[in-house]
Amino acid sequence: EFTYCALIEILGRAKEFQAIWHLLNAMRESGITVTAVPFTTLINSYGRVGMAEEAEQAFRSMQDFHCKPNVYAYNALLNAQLKVQRIEEALSTFMDMAQNGCDPDVVTYTTLITGLCRYGELDKASNLLDEMVNRECAPNTWTYTALVQGFLKAGHAEKALATYEQMQKKGCTPDAVTYNSLIDWFCKEGKPDKALELLDEMVGKGCDPDFGTYTALIDGLFKAGRADMALSTVRRMIRKGCNPDTATYSTLISWLCKEAETEEALDFLDWMMSRDSDPNNITNATLINGLFKAGRTDMVLCTVRRMMGKGCNPNKVTCTALVNWLCKQGKTDEAVELLDAITGTGLTP
RNA sequence: UCAUAGUGAACUC
């Protein structure tokens, strides 16, 4: 049983859904009692790739396995539904929980609050927080942070800050994610100094900055025209033992290209590739786009090849741009060659 | 805790 669950987890990440179903059926046929665990794993796997209807189907089929959904299964379903904006369905899942005597927990509420905020249903989200308190289901740092983030993204800074206050009054300590949300918001508002103050505050309170903190700051400082400070933040990050990840690299590469520092941007790519982290699709798009904008068309093709060598293929937008450019240059052969090299795209200029 | 929730990056718009 334990082994099965581990296997299903792996299959789920590999999107081998059919294999999971076969495994579940095999388990049932061999008389193994199927618990809610493998179903939760399956529902989550569907959820991750946005297959909400399949997630719903998996949830319903639990019945056929005489398996009663628990709060984990409900939460996974809610998550899958909200990810693709099935708000009505999610709300009815939430009602079902109550009817089936399954008490929502803090994860249930946080999932709902996050989902509702994402689609602008801030009042509903806010009401849920009140409902939690009334039902003696204590919100935690994640719950408050989700709501803070929701208000910030919706441009309701006052409410965000009020929630942030409320959180602390209730004894929930802000963590790195909470700070990162606020830091990012200050940066986006063009107030990197405020963001830096918050950085000091978090450090002062013993909360370690992470990738998110530094990346948000670096981006904000570049945006505010303070490239030198941004680069010193990179050094600080490395000095503190927090190594840049792919998002940090993308931020750097993007800005360096904008600042016409393409050599530095390419140096970062070298550095990145010489280290643990491989470029991902976003790094790829960032760099290619940056090189085009900076007029470094000489470097475009060899960079594309290097990244493809690392298994990092251009996305649709980049690919179209590349092919267009090659065709304009009259290098249609190279364009066709490139298209062939990129699997599974049927794009033609 | 064998399974679930909140942050950061490019392009497109």
Using a 4.0 Å heavy-atom cut-off across all strands, classify [X] as base, sugar-phosphate, or nothing.
X        : answer
A/Ser181 : sugar-phosphate
A/Thr283 : nothing
A/Ala285 : base
A/Thr145 : base
A/Asp175 : base
A/Thr108 : nothing
A/Lys83  : nothing
A/Thr110 : base
A/Thr178 : base
A/Ala247 : base
A/Asn281 : nothing
A/Lys223 : nothing

As an exercise, state the distance from CH2 of A/Trp142 to CG of A/Leu147, rounded to the nearest 0.5 Å.
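One gets 16.0 Å once the value is rounded to the nearest 0.5 Å.
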Can the ring centres of A/Tyr109 and A/Phe94 be said to be less than 6.0 Å apart?
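A/Tyr109 vs A/Phe94: aromatic centres under 6.0 Å.
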Counting the benzene-type ring for Trp, do A/Phe59 and A/Tyr74 have ring centres under 6.0 Å apart?
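Between A/Phe59 and A/Tyr74, the centre distance is under 6.0 Å.
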What pair of heavy atoms forms the shortest contact from A/Pro139 to A/Cys172, and how long is it?
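Looking at all heavy atoms of both residues, the shortest contact is O-SG, 3.7 Å.
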What is the minimum heavy-atom distance between A/Ala294 and A/Thr262, and which atoms define it?
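It is CB-CG2, 3.5 Å.
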Would you measure the distance from the C1' atom in B/A9 across to the matching atom in B/A5 and give it in whole Å?
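Roughly 23 Å separates the two C1' atoms.
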Rounded C1' spacing from B/U4 to B/G8 in Å:
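To the nearest whole Å, 23 Å.
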Hunt down any stem RNA chain B takes part in, defined as 3 or more consecutive Watson-Crick or G-U pairs whose two distances are each under 3.5 Å.
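RNA chain B forms no stems at all.
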So, using ring-ring contact (aromatic ring centres under 6.0 Å, His included) as the criterion, who are the partners of A/Phe222 when residues are at least two apart?
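Expected list: A/Trp255.
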For [X], does the [atom1] atom sit with more than 12 other heavy atoms under 6.0 Å from it, leaving out its own atoms?
X        : atom1 : answer
A/Lys194 : NZ    : no
A/Glu53  : CD    : no
A/Lys170 : NZ    : no

Which two nucleotides bound the region of RNA chain B that has atoms under 4.0 Å from heavy atoms of chain A, read 5' to 3'?
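Listing 5' to 3', RNA chain B meets chain A from B/C2 to B/C11.
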